Structures are given as structure tokens and as C-alpha cells.
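A short worksheet on the structure shown next.
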Amino acid sequence: MRTVRFDRRDHYRHKVFPSPFHARQQAHNELKVWSRWFDYLSVPAYTCAQMEYFAGRNACGVFDLTPMTKHRVSGPDALPYLNRLLTRDVGKIRPGRVGYSVWCTDEGQVIDDGTVFHLREGEYRICSQEHQIDWFLISALGFDVEVVEETHDVAALALQGPTSCATLKRMGLDGIENLTPFGLAHFDFQGTQLMVSRTGYTGDLGYELWIDPGHAEPLWNRLFEAGRLLGIKPMGSEALDLLRIEAGFILAGVDFMPAQQTVRPTHTRTPFELGLGWLVDFDKPVFNGRRALLAARERGPRYRLVRLDIEGNKPAHHSYVYSTRNKNIGWVTSAMWSPSAKANIALATVAAPHGEPGEEMRIEIYYQRELKWSRMMASARVVEGAFYDPPRRRETPPLDH
Amino acid sequence: MAKQYDAIVIGAGHNGLANAAFLAKAGLSVLMVEKNPYIGGASVSRNLYKDWIYSNCSYVCSLLRPEVYRALDLARYGLQVVPYGGSVTLTQDGDYLGSYIDPDASRREMARHSPRDADAEVRYWRDIMRQCRFIRQFLLRTAPDPTSFKPRDLLELLHLGREFWKLGESVMYDTMRFYTMSIVEFLDEYFEHPLIKAAHAGSGIIGSALGVMSPGTAYVLLHHAMGEVDGTAGAWGFARGGMGAIAEAMGACLRDHGGEIVTGSGVERIQVRNGRATGVALENGDEYTADVVVSNMTLPRTFLECMDPADLRPDFLTKVRNFKIRGSSGKVNIALDGLPQFTALRENRELMHTDMHLIDSVERLERAYDDWKNGIWSQDPYIDMLIPTLTDPTMAPPGKHFMSVFVQYVPPKVHGRDWTDADRDAFGQTVLNQIERYAPGFKNLVLHAEVRTPRELEAEVGLTEGNIFQGELTMDQLLFNRPIPGYAQYRGPVKGLYLCGSSNHPGGGVMAAPGANAAREILRDLRKPNTVPEGWLDD
């Protein structure tokens, strides 16, 4: 049963709607603070963001990702359509597999990034941050394909952390330990279908669970029952944000501007400028933005999105980035002290040709102590890969940790 | 012996007042002359019935340049602009399309009609805002003369070119198209739902003698989107106490800087001696002299009614005579005994606080325009109405309401002849009947209605043909072509004569930019320190 209803005129009386997990969230939300994620109430933190973060790295945390925008793509031309829409070769995402991709405007500017779930032969789900139906339908011209938004018809939970697999095993999901990263499987759950994918936004061992909204609460209950002795905790968006920065994952609207809503023309980015050139497959003869991206590759990037390892312990929130010659070359988009990597880390945008791996930079950090603001210039180095990358992320079957 | 001033400004509308205030701030002795016994022009609050205050011409505020607001200290002189959120378009079958302050509620409301359009709205506003960002930076700048080799014009042209270039390839193409295409053509590139198109199309024709399918109407929409309230782009608000609060604050500022205001007698003649403006003669016989005479009147009124044709060049006069300033709208101001019940909004009070429109398709809008072409007011008119008293407690007794009803289309002449009182009353009935259709019982609430056709707008406010923008906002009359080529820098055809009304760049709306820009040019000619602020820009 969907909880978001706007088919009636009086929908305006609800500026925001409860998630299908709301009753459970409410019971756990000791801080009584709610935030908004598009149509839904979301929880920034249930008890303490830091503790919830550690659940995600030490045991397992549960995050409600129902509000994420979801689209279903089906029909005889689903694959050729997706190959037109997305930059990567979707043919390589076999049924039962999930792939990460971006999609671009004709000018080769990134509209959004997201995950493509090949649910079963010829049937796909695309998850993204922003609403996409306009662009998805514009791109569907000439394809025998059905594209519908199903955000409100699918309830979803992320279960992330070292004991996540053990929790699912205890829940009775037979063979879940054999699911490889970016794999998905279907299970029977109280007479409905539960889809589990080994995916997530934390760079750790973790799963995402997808079910019809009517079974949302029973799913939550079963999950918490199974994880009770394994340290399971509900996790709010603040903890998730820390986990995704440590993993080096970018967020639309934070680390880059989605092209469809960007007014200033130089503020959009190509996949190359976001470090996502590996998602662009020029072996495909036709896809949205191909011609512009060929030219962009030829020209070289205007910007680079970099991962920075910064000296000291003061998080570089909203900082400017300077070259070693003190030229202002960019700005930090996400920053934190990483409790797991024990490092001061950030994602930043810098003007090319800056941003080569290993390059030294200087970061202007402002920090406040007892109301007084101070400023420091910290050295930083461009690093590659995730800031924190535990081997259990790739283990199949995962140990019980 | 007539009293000598540094400058005389004719017409105490918001542009005239802003102009006079900036001149007075620079230390000039300034006289403002106004034909009506009150100031304000089209930015006016009138007490025409018991305890009711009507914003009886302009009725909402967004375009007023915040730089002018601040530089003239209008907040200290009592001006308060209170934002209202959203809008609603009511359909004949009793449904509506609302737009709420809350962006998610707005998106869902649009999705209620078309999920795809709700999403397309993001792309649509991006493209509108791109154009607004481009145009906004020229509002407080004088348009360059593209034929001039003066360094200032060349630099301005270079600036214009550079900013245009900065838009990027695809937006450059879009810009060229935007200024020449119709609002319907533009909307077709984004939306599929007829009601969503109609709701967006309205602001493409307001104040214009063009239909939604006429080329050039896309720009008119932009003109309504480029304002702001407190930095919120595209937002609209009410001036507390009615639109007259804007003029009153400007008037107080002017007086505070030593300016004088003489009301109650119009200008009979702008006096010219040896090719120079020397002052004004009023209808009551009073004469005032000054080295600078500034007209806030429309282009035709200034040159065809208040000057001796012998003082002007014939080609200039020809262009003035052909200046496009066709009236297209009317206004009905209503005192209500209580809140009307719109069938569609019976359960939704929230949208009553917003800008309400009666329309449901672009075809219906086009047919309303057909009537105008045939010389009659629209029999099924497009209505843009607000109840400011739901927001502003100062304009009517508690529980009673003022309703501002803007109506399009209304021709400047009825079947080629002048409006009569009977025509006016019939037009008023057409409007009341139209509202009654959407709100049964509405007419019983009407305590008093002031009906204003182009005839009244011209006679009372001085707007030629009743055109609310002092000249149409089409490409041939914009930027360096506004009001007419060669006269876009606020300087008239005789020395010492300046123009500061909305007939000039950047055009109409309660913006005060033409008045401010003209003041800057006058102070420049007089070699006085500039008191006019530069536009606030961002990246």
C-alpha cells in the first residue's frame, strides 16, 4: 500500500508523507527529529549519528531508502533503450545483476547517476537521486518500451555492515551468502516477493531489500528480530552520509549539479570530470551525449572531482582548495573526519589540469572553538580509491564477522 | 517670475518618483508635477468606497528593483513587501491546478495532472532562470547604442556580447528563439497537459495586445519571472497598504531630500526655447522653469500631447505615432462583503491567498484574443485575480475583502469607436458573470466595484490606450530599440528633455528601473555625483 497519495486534491494538507516503515521508525526515533526527503519523512538520526555510523562499520545498520527515485523499464526494446539512455554497455548487466551508471544530456553533461537492476530478462529498475521521468520518456522516443516511475510502489531498506549477511541468514534467506557483489536474488517473504541485492552506499558488506509497501513493517520486524544479537541498529541519513563519503561515493546536488536543474552553464559536469569516465563506453555506436563526450574526451576535462587526504584532524567543510603555489583551484564538496580510516578526508572539485593522483594541494579550513573562528591552511594529497575499503566488501561468501 | 528648479519631473508614478528622488539625493532642486490630486500613477492605493483601500491599477510587486528599494531607503519610509506564495488556475469543470509555497506539494499537484510535466517543470524553470539571469543584469544599465562609436557604448556592447557568449552554445540559440517565439510554442517544448500549459501561458500575454500563439509572447513571460522578493527569484508579494505604499515611500524619500511635489494640475506644454527644454506650463496656468525636464509620461503623451510638433523632427514624430502601445487589459476592483466560495476551492483555503486565474486551455486564451481583434472585450475573458486582504489586514475591515481583478483582453476602442459608460458597465458585468460561474453567489457579495477600461486607465493614469507597460514588450521595442531606435538612453530629441517612464528600457511593471536609469544619465550629463545604484550581480 503506498503511503504517498496525491491523486486527490487535498494532498496539499500533507507537505510530507510517512514512509511505509514510519511506525517502526517512529518507535526508534528517540531524538524525535524528522527531515524531508522529497515526498517522505526521513530520519536524520535515531539516537546518535556517530553510534549509527559505527553500527554500519562494526555490526549492521538499517536505512530506509524508500524515498529514492525508482523507475521500471520493460518491454521488447528495454535493452536497446537503456543503451541509448545510459553511457555504459547495459548488455553486460546480465539478469540478476546490478550496474552503476550515469546518464547525460545531448551536451554530454551528467543528469544523474544511479544503479540499474536487471530484475529478470528484459526488465529493469533504475534508482536515482532526482526525478527522471521527463528525460526518460524524452529518450524513449522510437523504442518499444514502457517506462514508469515506481518510487511509491516499492519499499526499500539498506542493511549495511559486517553482520549484515549473518543477519539475513538468520532471517532464513537461504543461500544469501552466495550472492556476489552487485548480484540480486528473489526470496519468498510471507507470500510476497522480497528482492535482495548486494548493493549499497557505504562501501562495505551490505544489502538492499526491496518489497511491496504492504509488507514493509513485517520485513522491518523480521530483520530486527534476526539481527537482535548481531548489533543491528536503525541508521539515519547523517550516518549514511559519513559512510558514503568514506567509500568515496558522490551525491547528486552535493558533489555535482544535476544538469537538468543547473542554470549556470559551466556548473554542469561530464562523466570524465566526475572521475566516471570508466562508465562511458564509446564502443556503443549511439547513446545520449556520445558526440559531445567524444569531443570532451578530446578536449580534456575542465574540472576533476578528487578525493583528498588532508593533514590534521579538522574537517574541511566548505573549504577552498589551493595549489601549492597558492592559486585558488577549487572547493570541497563533502568532508569529514573518518573514524574508520583515521584520516581527514574530503571530496573536492578542482580545475584541470589539477587533480592528478598524488598531487599536493592546500586546503583553507575554518573551524570554530567556543564561538571563536580560526583558519588554517592544511596540506592535502589527491588519493585514489575508497578512503576505507574493507575486504569483506568483496568476500563471497562473507565471513560472519 | 516662475520659480527656477534644477529639474522638473512630470508624472508622480513610481518611475517619476524614483527618478526625482535620485536627482534630489544628488543635491538637485527637484519639482515633481502630477495631474492627479494624489501621487502614485499606476502604483497607487485609492480609497473609493467606505473603509476599503484598492490597489486599483498595479496590484502585486516583484519587479521593483531591490537595489532601488535599498538605495532610496524605502523600508525606512514605510514600504513593506510581504510575499504571497503560489498561484492557482481554476477550470470550468471545477478542478484546479495549484502552485504552493512548498516545492514538493507543488510538484505533487502538478503530478496529479501529469507526472511527466511535474518533472519537466525542473527543466522549464532552469531555462527560464537562464534567460532571467541574462536579462536581469541589464535592468539597471543603460542600453548601448549599437550604431555609436562612443567608448561607453562600445564597452556596453562588448559587455552585452560577452555575457551573451557566456551563456554557452545551446542557450545562445535558445535566447535568439526565446525573444521571437510564442509562449505556446515555448511551452510545447516542455509540457503535455493542457491545463499546465494554460496556467503557464497567462503571464505570456498579460499587458500585451498579443495572443498566446503570437510571436514574441515568450519574452513577456520572462518579464514576469525576472523579479524577486528578498532574493527569491520569480517570487511575488503585496505592498502592505496597497501598491500606493511604494509611491508614498518614494514620495517621502523625495521630500526628505528637499524635493517638492505639486499635484492637481497636468502639464499643458513642455516648453522649448532655441531647441532646449526650459520648463513646463501647467493646465492651471502655473509655469515652472528648469534646465532639465523629465517626462514620466508615455512616449505618445509626452510628444504628441504635451509638446509643440514644430519643436520636433517629423521622422521622430512618425516613430512616436507608430509606437506600439495598444491597450489590451482592464481592471475591476471590488469591495466584498465576505470571502467568495469558489466551487473548486471549497476545501482549499490555502490557494485563495494566491494569484487565482480563470482559464483551462491555451485555445480558450487564444479565442479571448480573437474578441480583442474584433474590437470587443473578451466575452470569455482571462482573469487574474487576488484577494490581498487575506494577507494584508490594512485594506478592508476585518472579515471584508478587497479583490483585485485583472482582465484580458480589453480593446482600447469598442468596434473602432470610443468607450461609453454603457460599454464599461457591460464589460464590468461580463467580468462579474465570469467570476460568478466559478464562485456561485459571488455577485451577492459585491458591495462596490470600480470598473476600469482602457478609457479610464488613460484618462486617470495617463497610460496611452490603457497599455499597462507604457508600450508593448516586443523585440522591436526592447533594449536599444526601446522606446524607439536612437532614443534608448533616456535623452529626448531636444536638449534638456529626458524620458524616465516605462516606455523606456527595461520596460513596464512596477520596477523603477527606467526612472533610476534616467536619473543616472541626467546626473552624468550634469556632471553630478551618481546616486543610482548598480545592479547586484552574482556568479
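Just so we're on the same page: letters track the sequence lines, and every chain starts at 1. As the structure is a computational prediction, the values presented were derived from the model and not from experiment. Just so you know, these numbers use all the heavy atoms, side chains as well, and skip hydrogens, waters and symmetry mates.
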Mutual orientation of the aromatic rings belonging to A/His11 and B/Tyr100 [parallel < 30°, tilted 30-60°, perpendicular > 60°]: perpendicular

Could you walk me through whether B/Asp102 and A/Arg36 pass salt bridge (charged side-chain N to carboxylate O under 4.0 Å, His left out), step by step? CA-CA 12 Å; B/Asp102 189 276; A/Arg36 290 175 65 170; 2.7 Å; yes

May I ask you to name which of [options] has the most heavy-atom pairs under 4.5 Å with chain A?
options	result
B/Leu351, B/Asn348, B/Asp104, B/Val122	B/Asn348
B/Arg112, B/Arg133, B/Met129	B/Arg112
B/Pro115, B/Ala111, B/Gly168	B/Ala111

I'd like to know whether [atom1] of [X] has more than 12 heavy-atom contacts from other residues, nucleotides or ligands below 6.0 angstrom.
X	atom1	result
A/Glu150	CD	yes
B/Tyr173	OH	no
A/His317	NE2	yes
A/Tyr320	OH	no

Closest non-hydrogen atoms of B/Arg108 and A/Phe17, given as atom of the first, atom of the second and distance, are NE-CE1, 3.3 Å

Closest heavy-atom contact between B/Asp119 and A/Ile133?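 It is OD2-N, 2.7 Å.
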
Proximity breakdown for [X] and chain B, heavy-atom pairs closer than 4.5 Å:
X	result
A/Arg13	side chain
A/Asp39	both
A/Thr266	neither
A/Glu107	side chain

So which of [options] has the largest heavy-atom pair count under 4.5 angstrom toward chain B?
options	result
A/Thr262, A/Asp10, A/Asp7	A/Thr262
A/Gln261, A/His14, A/Arg264	A/Arg264
A/Leu137, A/Val4, A/Asp106	A/Leu137

From B/Glu347 atom CD to A/Arg8 atom CZ, the distance as rounded to the nearest 0.5 Å: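 Spacing of CD (B/Glu347) from CZ (A/Arg8) equals 9.0 Å.
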
Nearest-0.5 Å distance, CZ of residue B/Arg123 to OG1 of residue A/Thr105: 11.5 Å

Could you give all pairs that pass the side-chain hydrogen bond (donor to acceptor under 3.5 Å, both in side chains) test and reach residues 222-238 of chain B, with sequence neighbours left out?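 For residues 222-238 of chain B, and leaving out neighbouring residues, the side-chain hydrogen bond (donor to acceptor under 3.5 Å, both in side chains) pairs sorted by first residue read B/Tyr219-B/His223.
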
Flag the pair B/Glu192 / A/Asp134 as yes when at least one side-chain heavy-atom distance between them is below 4.5 Å, and no otherwise. no

So does B/Glu350 pair up with A/Lys15, basic N to acidic O under 4.0 Å?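 Between A/Lys15 and B/Glu350 there is a salt bridge, with a charged N closer than 4.0 Å to a carboxylate O.
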
Check whether any side-chain N or O of B/Tyr96 sits under 3.5 Å from a backbone N or O of A/Arg9 as a donor-acceptor pair, and report yes or no. yes

Side chain from CB out, backbone as N, CA, C, O: work out which of these in B/Asp95 comes under 4.5 Å of a heavy atom of chain A, or both, or neither. both

Which atoms of B/Ile128 are under 4.5 Å from chain A, going by heavy atoms: the side chain, the backbone, both sets, or neither?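 Nothing of B/Ile128, per the 4.5 Å heavy-atom cut-off to chain A.
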
